[in-house]
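Worksheet: the structure to be examined is printed underneath.
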Amino acid sequence: MPWKNTKLEFGAVAKVFHWTSAAAFIAAYAVVYYVIWFMDDTAPEVLPVLNIHWVLGMIVGLSVLPRLLWRLANLQPDQPHASPAEAMLAHAAHWGLYALLILMPLTGYIGTDAPTDFGLFALPSFRETALFGWIETRWGVSWEAFEPPVDAIHHFVGKWIAWVVVALHVAAALFHHVVRRDGVLTRMLPGRSAA
């Protein structure tokens, strides 16, 4: 399998970015819903479990920029024949997914008042950063005023928008695979090669 994309398929690097982001995103959801459904989210025991959610979210967030740069620097495989409306919708859906991959980790990080512990190192909470200190000084915004709207955005997008966007992406991939049989799904599968 080539490292770079070709006109027929995605290369190994694009596939690693795609499936790593997908796995981390889905696992982050599984962890947070485990907390919501099975734990008392006010108990101290919940913090190590939430830390897993935060680590997974940071993996998604930190992979977005290199993923976008790789996408912009690489040839994109040819798109299957589609109407102009379908092509526009596919393009909008992909950029919507990128927006989601940026917005969810960003709002998750800046709305969390606890460090993210990666084991070998910890990422300080946004509240402890110089940037928040500057925001607090510049605009006179306390953490108590700053955090709730950011948290509300994170929860609203996570609960009402992210599922829809991801479900549409999966449905489109399955539509291409089952109905159109045009190889759109298989060219992104790990280990698969068009050659």
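Annotation: Arg181, atom CZ; neighbour count of heavy atoms from other residues, nucleotides and ligands within 6.0 Å does not exceed 12. Sparse packing is recorded around NE2 of His177, with 12 or fewer heavy atoms of other residues, nucleotides or ligands lying under 6.0 Å away. Counting non-hydrogen atoms of other residues, nucleotides and ligands closer than 6.0 Å to CH2 of Trp95 gives a total above 12.
Considering only heavy atoms from C-beta on, Leu97 comes within 4.5 Å of His169 through its side chain. Side-chain atoms of Val166 and Phe25, non-hydrogen and from C-beta on, do get closer than 4.5 Å to each other. Taking the side chain as every heavy atom from C-beta outward, Val49 and Met39 approach each other to under 4.5 Å. Side-chain atoms of Leu75 and Lys7, non-hydrogen and from C-beta on, do get closer than 4.5 Å to each other. Looking at Arg127 and Glu147, their side chains never come closer than 4.5 Å, going by heavy atoms from C-beta outward.
Rounding to the nearest 0.5 Å places CD of Gln79 at 11.5 Å from CD of Glu86. Rounding to the nearest 0.5 Å places CD of Glu136 at 11.5 Å from CG of Leu131. The OG1 atom of Thr129 sits 9.5 Å away from atom CG of Leu123, with the distance rounded to the nearest 0.5 Å.
His154 places a side-chain N or O within 3.5 Å of a backbone atom of Gly108 that can act as its donor or acceptor partner. In this structure, Thr20 contributes its side chain and Phe17 its backbone to no donor-acceptor pair below 3.5 Å. Using a distance-only test at 3.5 Å, with no hydrogens or angles considered, a donor-acceptor pair links the side chain of His155 to the main chain of Asp151. Although no hydrogens or angles enter the test, the distance criterion places no donor-acceptor pair under 3.5 Å between the side chain of Asn51 and the main chain of Thr116. Distance alone, capped at 3.5 Å, is enough to place a donor-acceptor pair between the Tyr29 side chain and the Gly158 backbone. Panel note: side chain Asn74, backbone Trp70; a donor-acceptor pair is recorded below 3.5 Å.
Classification of the Tyr33-Trp37 ring pair by plane angle, with boundaries at 30° and 60°, yields tilted. The aromatic rings of Trp143 and Phe126 lie tilted to each other, with the angle between the two planes from 30° to 60°.
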I would like to know whether Leu101 and Arg67 meet side chain to side chain contact (heavy atoms under 4.5 Å, CB included); could you show each step before the answer? CA-CA 11 Å; Leu101 293 177; Arg67 182 178 177 178; 3.5 Å; yes
Given side chain to side chain contact (heavy atoms under 4.5 Å, CB included), test Leu103 with Val157 step by step and report yes or no. CA-CA 9 Å; Leu103 182 65; Val157 172; 3.8 Å; yes
From CA spacing to verdict: side chain to side chain contact (heavy atoms under 4.5 Å, CB included), Leu47, Trp54: CA-CA 10 Å; Leu47 283 178; Trp54 300 332; 3.9 Å; yes
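Side-chain heavy atoms closer than 4.5 Å link hydrophobic residues (I, L, V, M, F, W, Y) into clusters, and following such links, possibly through other members, connects Met104 to Leu50. The same ILVMFWY cluster, assembled from side-chain heavy atoms under 4.5 Å apart, contains both Ile110 and Val55. In the hydrophobic cluster analysis, where Ile, Leu, Val, Met, Phe, Trp and Tyr join through side-chain heavy atoms closer than 4.5 angstrom, Trp163 is grouped together with Leu100. Hydrophobic clustering (side-chain heavy atoms under 4.5 Å, transitive across Ile, Leu, Val, Met, Phe, Trp, Tyr) groups Phe156 together with Val35. Under a hydrophobic clustering in which Ile, Leu, Val, Met, Phe, Trp and Tyr are joined whenever their side-chain heavy atoms come within less than 4.5 Å, directly or via other members, Met58 and Val31 fall into different clusters.
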